[in-house]
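Accompanying notes for the structure given below.
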Amino acid sequence: MYLLVLMLFCIVFIKNNFGNNVLLGPNVTMVNGDHNMRKIGVPIIDNNEKEASDDADIIIEDDVWIGANVTILKGVTVGRGAVIAAGAVV
């Protein structure tokens, strides 16, 4: 199951690993995948093969505050009660 959240210009598309009472500032980005760049000589746009290591869930636990313009990358778990400063890359 996937969750789509729209809040103050924030668009999030992740697997349903979102806790309760989570505050999102504007322009939060969550990226849970990478491009496969292992094939030498093949442009990334033409490489449609993905491996399991190319993607990983993002887990946001309960009572988290994510500030404006934060970027959260694949495989990150944001623990309960965490505050992520504006502009941070996690």
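Since this is a predicted model, take the numbers as computed values, not measurements. Starting from 1, each residue takes its place in the sequence as its number.
Residues Ile66 and Ile59 fall into different hydrophobic clusters, defined by Ile, Leu, Val, Met, Phe, Trp and Tyr side chains chained together at heavy-atom separations under 4.5 Å.
With a 4.5 Å cut-off on side-chain heavy atoms, Ile60 and Ile72 count as touching. For the pair Val28 and Asn69, the minimum side-chain heavy-atom distance is 4.5 Å or more. In this structure, Phe18 and Leu24 have side chains that are in contact, with non-hydrogen atoms separated by less than 4.5 Å. For the pair Val78/Val76, a side-chain contact is recorded, criterion being any heavy-atom separation below 4.5 Å from C-beta on.
Among residue pairs with one or both ends in residues 60-71, those qualifying as salt bridge (Lys or Arg N to Asp or Glu O under 4.0 Å) are Asp63-Arg80; sequence neighbours excluded. For residues 81-90, the set of pairs meeting the salt bridge (Lys or Arg N to Asp or Glu O under 4.0 Å) definition, not counting sequence neighbours, is empty. Listed by first and then second residue, the salt bridge (Lys or Arg N to Asp or Glu O under 4.0 Å) pairs involving residues 81-90 amount to none (not counting sequence neighbours).
We find the CG-NZ distance between Asp55 and Lys74 to be 7.0 Å, quoted to the nearest 0.5 Å.
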